[in-house]
Amino acid sequence: MKVYNTMTRKKEELKPMNKNRIKMFVCGPTVYDKSHIGHGRTYIAFDVIARYLKYKGYSVFYLQNITDIDDKIIKRAGELGVEPLSLAKKFEELYLHDMELLGVTNVNYYARAMEHLTEIINQIQTLLDKEFAYETPTGVYFDESKLEDFGKLSNRNIEDLNIHRVNPDTTKRNPGDFALWKKRDEEPAWNSPWGKGRPGWHIEDTAITETYFGGQFDIHGGGLDLIFPHHEAEIAQMESATGKKPMVKYWMHTGFLNVSGEKMSKSLGNFITIKELLKEYDPQVFRYFVLSTHYRSPIDFSDDALMQSQNSLKRIHKVMETVDQLLESDITGENGNDEKYLKLLEDTREEFLNAMDNDFNTPIALSALFNLIRDINKGISEEKISKQVFKEVKNLLNEFGDILGLTFLVESSTSDSDELVNILVDVREKLREKKDYELSDEIRSKLSDAGINLEDK
RNA sequence: GCCAAGGUAGCUUAGAGGCGAAGCGGUGGACUGCAGAUCCAUUACACGGGAGUUCAAAUCUCUCCCUUGGCUCCA
């Protein structure tokens with residue numbers, strides 16, 4: 001299977017470093033506020049990537065960090081008058097809850113920055129020992145001039161980096177040098193060989209990945225916005241500290257989520273949290289929406305787009321329901337056409353898997369699924385199909401659903417509706433038998449207003 | 001300025017030299033007491049403009065136009 005590698009800007013054949021084991025790290029959130037739908041997009045995409053790799057038989061270890069200390073957290077905590085670490089804890093819990101609701105369930109381990117201070121300090125010390133870093137009165141900084149290939153991921157050169165710099169710290173050797181350790185007197189601060197302070201932004205990730213994966217691993221993911229400077233800095237730190245190249249075999253980045261064509265930002269007033277999203281839409285609908293666009297492409301969030309996703313998903317649910325009902329009923333039959341349908345199913349599986357093999361092309365995979373649905377619906381309206389075929393259809397759709405993290409068979413509403421509704425439905429049925437359509441339609445319409453949809457036949 | 005990603009049918013998205021895609025939506029028809037779902041047809045000889053390469057270009061090259069993002073807060 002092929003994976004697009006940001007480093008080479010090409011699709012490459014996926015070959016794990018160690019047999020069929022895949023070490024995958026994705027940058028997690030800084031927990032200073034509620035998670036938004038952009039986080040949702042990225043983590044749903046990587047969840048499906050992890051699911052598919054497992055489906056293909058790889059043994060995947062999916063590691064994610066949680067940045068639980070950082071200037072933004074401290075600032076927010078100060079505004080609210082709470083402890084930074086308890087603020088971080090609270091938003092971490094909300095984040096994990098949001099992810100669960102969205103069906104993001106494949107992260108094996110969440111590593112908190114604050115639980116890896118020892119490793120962070122050790123890595124900084126190594127960089128100092130190897131003279132890739134230097135200490136000044138304000139902190140410890142990485143010396144980018146020591147690296148020939150700094151900027152290789154984002155295709156930049158050092159000259160570019162040294163312009164457009166905002167208020168560079170005057171103690172640094174080069175304007176592009178970034179902080180490994182920030183010396184700070186105010187709390188929260190931790191002791192280190194260089195005095196009290198806290199880690200820089202990039203060092204926690206390499207300290208964490210080195211701890212769990214060693215100096216090299218297969219997949220590193222994150223949002224497109226992290227390529228520069230965050231991932232460049234990670235490469236600089238890790239490759240300098242361990243002396244091993246490359247740090248990462250495949251760099252994968254998700255495209256941005258925009259809202260009605262604009263960047264989502266608080267100042268534009270179009271900032272949507274996952275919590276707000278889920279007030280309006282089923283998590284499955286959002287998940288479908290995310291998967292209807294390739295993970296590297298920008299995706300445009302709008303109510304219209306979500307409605308389209310909702311309707312598309314409904315089409316899948318409907319065929320599953322129909323197939324399920326036909327399996328329960330006795331009106332299916334044998335007509336010797338099984339072979340035709342089994343071939344169709346095999347072709348569909350192949351098309352779906354080919355799409356996924358091609359850099360996780362979920363839109364094409366979905367279109368294969370819809371082609372199957374159309375042919376099955378057509379078959380149902382034209383002839384009797386055997387239960388064996390329906391069973392296989394159901395299995396295949398469930399298999400696809402598992403890969404995508406979508407539930408295609410939704411429980412029929414008739415089973416869990418309450419007694420009063422059932423009485424109304426029975427009464428209406430009797431009215432229809434008497435051809436009192438005026439009253440029966442009124443009942444149907446009122447039930448619909450109450451959120452209960454009746455479909456005859 | 002530098003570095004990226006794009007402009008594909010009414011809308012949302014795939015594809016990436018030669019068999020015209022998927023979903024949503026609209027319209028007409030079949031089915032139904034009606035509606036819904038489903039099926040059939042249609043919307044639909046789609047690829048931002050121009051030039052070039054090629055037997056063949058949505059796809060490659062050049063050029064122009066437009067959109068969006070990044071350039072030390074970012075998923």
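Small disclaimer: the values here were computed from a predicted structure and weren't measured. Lettering follows sequence order; numbering is per chain, from 1. In what follows, every heavy atom counts, from backbone to side chain, and hydrogens, waters and symmetry copies are set aside.
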Taking only side-chain N and O atoms of [X], does any of them lie within less than 4.0 angstrom of OP1 or OP2 on [N]?
{"X": "A/Ser154", "N": "B/C71", "value": "no"}
{"X": "A/Lys318", "N": "B/U38", "value": "no"}
{"X": "A/Arg296", "N": "B/A5", "value": "no"}
{"X": "A/Asn361", "N": "B/A14", "value": "no"}
{"X": "A/Arg315", "N": "B/C39", "value": "yes"}
{"X": "A/Asn371", "N": "B/A21", "value": "no"}

[atom1]-based separation of [M] from [N] [nearest Å]:
{"N": "B/A37", "M": "B/A30", "atom1": "C1'", "value": "14 Å"}
{"N": "B/U27", "M": "B/A35", "atom1": "P", "value": "13 Å"}
{"N": "B/A58", "M": "B/C19", "atom1": "P", "value": "10 Å"}
{"N": "B/U38", "M": "B/G70", "atom1": "P", "value": "40 Å"}
{"N": "B/A57", "M": "B/G52", "atom1": "C1'", "value": "11 Å"}
{"N": "B/U8", "M": "B/G49", "atom1": "C1'", "value": "15 Å"}
{"N": "B/A16", "M": "B/A21", "atom1": "P", "value": "16 Å"}
{"N": "B/A9", "M": "B/G48", "atom1": "C1'", "value": "15 Å"}

Nucleotide [N], atom [atom2] - distance to [atom1] of [X] in whole Å:
{"X": "A/Glu438", "N": "B/A35", "atom1": "CD", "atom2": "P", "answer": "16 Å"}
{"X": "A/Asp303", "N": "B/C24", "atom1": "CG", "atom2": "P", "answer": "19 Å"}
{"X": "A/Asp300", "N": "B/A14", "atom1": "CG", "atom2": "P", "answer": "12 Å"}
{"X": "A/Glu351", "N": "B/G15", "atom1": "CD", "atom2": "P", "answer": "14 Å"}
{"X": "A/Leu369", "N": "B/A14", "atom1": "CG", "atom2": "C1'", "answer": "15 Å"}
{"X": "A/Asn311", "N": "B/U12", "atom1": "CG", "atom2": "P", "answer": "16 Å"}
{"X": "A/Ile376", "N": "B/A37", "atom1": "CD1", "atom2": "C1'", "answer": "16 Å"}
{"X": "A/Trp251", "N": "B/A4", "atom1": "CH2", "atom2": "C1'", "answer": "17 Å"}

Ionic contact status for [Y] with [X], cut-off 4.0 Å:
{"X": "A/Glu93", "Y": "A/Lys90", "result": "no"}
{"X": "A/Asp441", "Y": "A/Arg444", "result": "yes"}
{"X": "A/Arg51", "Y": "A/Asp402", "result": "no"}
{"X": "A/Lys430", "Y": "A/Glu433", "result": "no"}
{"X": "A/Lys34", "Y": "A/Glu276", "result": "no"}
{"X": "A/Asp71", "Y": "A/Arg198", "result": "yes"}

Nearest of [options] to any side-chain atom of [X]?
{"X": "A/Ser312", "options": "B/A75, B/C11, B/G23", "value": "B/G23"}
{"X": "A/Pro363", "options": "B/U13, B/G33, B/C11", "value": "B/U13"}
{"X": "A/Ser440", "options": "B/G33, B/C39, B/A16", "value": "B/G33"}
{"X": "A/Trp201", "options": "B/C24, B/C74, B/A16", "value": "B/C74"}
{"X": "A/Asn377", "options": "B/U38, B/A75, B/A35", "value": "B/U38"}
{"X": "A/Thr30", "options": "B/A5, B/A75, B/C11", "value": "B/A75"}
{"X": "A/Gln308", "options": "B/C24, B/A14, B/U13", "value": "B/C24"}

What does the list of N/O pairs under 3.5 Å between the protein and nucleotides 68-70 of chain B look like, with a distance for each?
from	atom 1	to	atom 2	distance (Å)
B/G70	OP1	A/Lys263	NZ	2.3

Name the nucleic acid region contacted by [X], choosing base, sugar-phosphate or nothing; use a 4.0 angstrom heavy-atom cut-off, strictly under.
{"X": "A/Arg374", "answer": "sugar-phosphate"}
{"X": "A/Gly38", "answer": "base"}
{"X": "A/Thr42", "answer": "base"}
{"X": "A/Phe370", "answer": "sugar-phosphate"}
{"X": "A/Lys435", "answer": "nothing"}
{"X": "A/Ser297", "answer": "sugar-phosphate"}
{"X": "A/Tyr43", "answer": "sugar-phosphate"}
{"X": "A/Asp441", "answer": "base"}
{"X": "A/His253", "answer": "nothing"}

If you measure only the distance, is there a donor-acceptor pair under 3.5 Å linking the side chains of A/Asp205 and A/His230? yes

Side-chain donor-acceptor pair under 3.5 Å between A/Lys11 and A/Asn358, yes or no?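 The criterion, which ignores hydrogens and geometry beyond distance, is satisfied for A/Asn358 and A/Lys11.
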
Which base sits across from [N] as a Watson-Crick or G-U pair, both distances under 3.5 Å?
{"N": "B/G6", "result": "B/C66"}
{"N": "B/A44", "result": "none"}
{"N": "B/A21", "result": "B/U13"}
{"N": "B/U59", "result": "none"}
{"N": "B/C73", "result": "none"}
{"N": "B/C34", "result": "none"}
{"N": "B/U53", "result": "none"}

Contact check, side chains of A/Glu204 and A/His116, non-hydrogen atoms, under 4.5 Å: no

Indicate yes or no: at least one non-hydrogen side-chain atom of A/Tyr32 is less than 4.5 angstrom from one of A/Asp70.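 No, their side chains stay 4.5 Å or more apart.
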
Can you say whether the rings of A/His253 and A/Trp251 are parallel (under 30°), tilted (30 to 60°) or perpendicular (over 60°)? parallel

Upstream residue (5' side of RNA chain B) when A/Ile299 and A/Ser367 are each assigned their closest nucleotide: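 The residue whose closest nucleotide sits nearer the 5' end is A/Ile299.
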
Closest-nucleotide ordering on RNA chain B, the 5'-leading residue of A/Ile373 and A/Arg41: A/Ile373

Just to verify, which of A/Phe400, A/Phe360, A/Tyr52, A/Phe370 counts as forming a ring pair (Phe, Tyr, Trp, His ring centres under 6.0 Å) with A/Phe352? A/Phe400

